[in-house]
Engineer: 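First the structure, then my questions, so here it is.
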Protein chains: 2
Amino acid sequence: MPTGRPREFDVTKALDRALKVFWRKGYAGTSLPDLTKAMGINRPSLYAAFGNKEELFLRALDRYSEGPAAHIREALQEPTARAVVEHLLRGTIDLLTNPRHPRGCLLVQGALSCGETADTIRRELISRRAAAENAFRQRFERAITDGDLPADSDSADLARYIATVVQGMAVQATSGATRDELERVAVTALRAWPAGEPASPKRTAAGK
Amino acid sequence: MPTGRPREFDVTKALDRALKVFWRKGYAGTSLPDLTKAMGINRPSLYAAFGNKEELFLRALDRYSEGPAAHIREALQEPTARAVVEHLLRGTIDLLTNPRHPRGCLLVQGALSCGETADTIRRELISRRAAAENAFRQRFERAITDGDLPADSDSADLARYIATVVQGMAVQATSGATRDELERVAVTALRAWPAGEPASPKRTAAGK
DNA sequence: GTCGTAATGTACCATTTGGTAAAAAACAGG
DNA sequence: CCTGTTTTTTACCAAATGGTACATTACGAC
């Protein structure tokens with residue numbers, strides 16, 4: 001079976017380049033020339049390898065979730081709800097301020113508001129943000145039965161609150177907020193957390 | 001002195017129509033046909049009355065700040081820092097969920113990330129968000145000398161925190177969050193506020 | 001070598017983008 | 001009526017948009 005001409009570029013490397021452009025300019029703000037220049041390939045190669053702009057964005061989004069934004073999933077593994085949100089906030093700050101990649105968060109600024117052509121992507125991002133929030137809600141629900149969150153806590157409220165803070169921090173980051181500033185936001189935000197500060201476990205039953 | 005043909009449309013009404021389109025689709029996501037259709041005028045009339053797309057957006061932004069988003073300035077007039085942030089959060093929720101106009105906040109989603117053509121607008125929005133945050137910082141500074149915020153509070157941290165929450169709520173609103181959900185976010189967010197909850201005037205200063 | 005296959009480079013496509021030129025139309029003053 | 005002024009209408013513009021046709025090139029199998 002003939003194999004054809006071999007591909008001259010690294011697909012995942014090109015995908016990472018595309019990811020960075022989408023990350024910086026958003027889905028609609030990124031043009032095909034932007035992409036081909038950054039990826040070092042020409043248009044037909046892009047279409048042959050990735051389908052079209054929309055599919056390329058979705059593949060970049062998957063790579064984003066499993067790479068730079070992997071902390072979102074990883075945070076869920078922490079033993080306590082408090083550790084979960086601390087992991088999430090710390091990882092978010094790392095992501096948002098890492099000088100090796102664009103400021104901000106692709107899940108938020110990829111297509112927050114846009115014309116009709118980008119509406120599919122906008123909805124996809126909404127859906128993925130909702131999925132993440134939902135995963136945290138479930139995690140906090142378990143934390144309530146585990147006893148490391150007060151029994152009268154509302155897991156949905158807590159998940160929505162930290163999602164709001166994280167998304168707000170993404171806006172702050174694209175506006176130029178520094179790591180130090182975001183860390184202070186996280187400290188303040190954590191004052192709202194049910195269990196109180198680590199040094200004062202006087203709230204309710206501590207162990208599980 | 002001859003007066004010329006009279007204008008056949010209401011300028012401020014047309015501006016309001018333009019505002020709503022920008023609000024829903026963002027600066028870059030809004031096309032000239034989008035605008036002229038919504039405003040009920042044709043292109044040369046738009047250019048004669050407003051200059052160009054960029055100037056029209058800036059005028060719509062001014063109108064936004066003095067109309068739908070007037071609560072941001074008004075909140076600063078409240079007598080205590082606590083009342084200021086409660087006013088801000090309540091007004092923000094009203095703005096974000098009012099069914100009479102688009103979901104979300106023009107200051108956030110007008111141009112969060114974009115290509116080169118919208119970069120001027122993006123920077124302008126960053127600057128206006130920063131100006132608002134700064135106004136709240138100054139207000140909280142005064143609250144510290146007034147004594148209605150603990151002396152060891154950091155006014156900049158508090159202002160950045162509530163700005164983060166408000167901007168996060170804007171993202172939540174464009175994602176479909178309801179008024180009830182946003183109200184619960186506000187309640188949770190207020191638990192981080194220095195003075196504590198209204199029912200418990202005992203503040204246990206912890207710092208960080 | 002020849003053949004089949006798949007990638008590449010160039011050139012192109014229709015549509016949409018923001019922005020205008022120019023003529024027609026509606027008013028006020030004389 | 002005519003004249004000056006400003007808006008409206010229609011038509012157009014160059015540039016950029018996402019997406020392809022097509023010929024060329026590089027490989028593996030025979």
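As a basis for the values below, the full set of heavy atoms in this structure was taken, side chains included, without hydrogen atoms, waters or symmetry mates. What you see is a predicted model, and the numbers here were worked out from it, not measured in a lab.
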Engineer: Take the protein atom NZ of B/Lys25 and the nucleotide atom C1' of C/dG18, then report the distance between them rounded to whole Å.
Structural biologist: 15 Å

Engineer: Indicate, with a heavy-atom threshold strictly under 4.0 Å, whether B/Thr30 touches base, sugar-phosphate, or nothing.
Structural biologist: sugar-phosphate

Engineer: Any side-chain N or O of B/Ser45 less than 4.0 Å from the OP1 or OP2 oxygen of D/dT7?
Structural biologist: no

Engineer: With DNA chain D as reference, determine whether A/Asp34 or B/Ala48 sits nearer its 5' end, using the nearest nucleotide of each.
Structural biologist: B/Ala48

Engineer: Which whole-number value in Å describes the distance from A/Leu46 CG to C/dT8 P?
Structural biologist: 11 Å

Engineer: Is there a side chain to side chain contact (heavy atoms under 4.5 Å, CB included) between B/Gln167 and B/Cys105 once you walk through the steps?
Structural biologist: CA-CA 8 Å; B/Gln167 289 160 11; B/Cys105 172; over 6 Å; no

Engineer: Go through the steps for B/Phe57 and B/Trp23 under the test ring-ring contact (aromatic ring centres under 6.0 Å, His included), then give the verdict.
Structural biologist: CA-CA 10 Å; B/Phe57 181 87; B/Trp23 196 341; over 10 Å; no

Engineer: What's the closest nucleotide to the B/Phe9 side chain, out of D/dT17, D/dC27, D/dT8?
Structural biologist: D/dT8

Engineer: Of the listed nucleotides (C/dA26, C/dG9, D/dT8), which one gets closest to any side-chain atom of B/Asn42?
Structural biologist: D/dT8

Engineer: Let me know the distance between NZ of B/Lys53 and P of C/dT16, rounded to the nearest Å.
Structural biologist: 16 Å

Engineer: Quick one: A/Arg43 CZ to D/dT17 C1', roughly how many Å, whole number?
Structural biologist: 8 Å

Engineer: If you check every side-chain atom of A/Glu8, which of D/dT7, C/dT8, C/dG19 has the closest atom?
Structural biologist: C/dT8

Engineer: Send over the distance from A/Phe50 CZ to C/dT8 P, rounded to a whole Å.
Structural biologist: 11 Å

Engineer: Roughly, in whole Å, what's the span from CE in A/Met39 to P in C/dT8?
Structural biologist: 11 Å

Engineer: In a check of salt bridge (charged side-chain N to carboxylate O under 4.0 Å, His left out) between B/Asp34 and each of B/Lys25, B/Arg17, B/Lys53, which one passes?
Structural biologist: B/Lys25

Engineer: Could you tell me whether B/Pro44 contacts a base, only the sugar-phosphate backbone, or nothing, with contacts defined as non-hydrogen atoms closer than 4.0 Å?
Structural biologist: base

Engineer: B/Ser31 side chain N/O closer than 4.0 Å to the phosphate oxygens (OP1, OP2) of C/dT17?
Structural biologist: yes

Engineer: Rounding to an integer number of Å, can you tell me how far A/Tyr47 OH sits from D/dA21 C1'?
Structural biologist: 14 Å

Engineer: Taking atom CZ of A/Arg90 as the centre, does the number of heavy atoms from other residues, nucleotides or ligands within less than 6.0 Å exceed 12?
Structural biologist: no

Engineer: Are A/Arg129 and A/Glu133 close enough for a salt bridge, meaning some N to O gap below 4.0 Å?
Structural biologist: no

Engineer: Without decimals, in angstroms, what is the distance between B/Leu56 CG and C/dT17 C1'?
Structural biologist: 16 Å

Engineer: If you find the nucleotide of DNA chain C closest to B/Arg5 and the one closest to B/Pro33, which residue's nucleotide is nearer the 5' end?
Structural biologist: B/Pro33

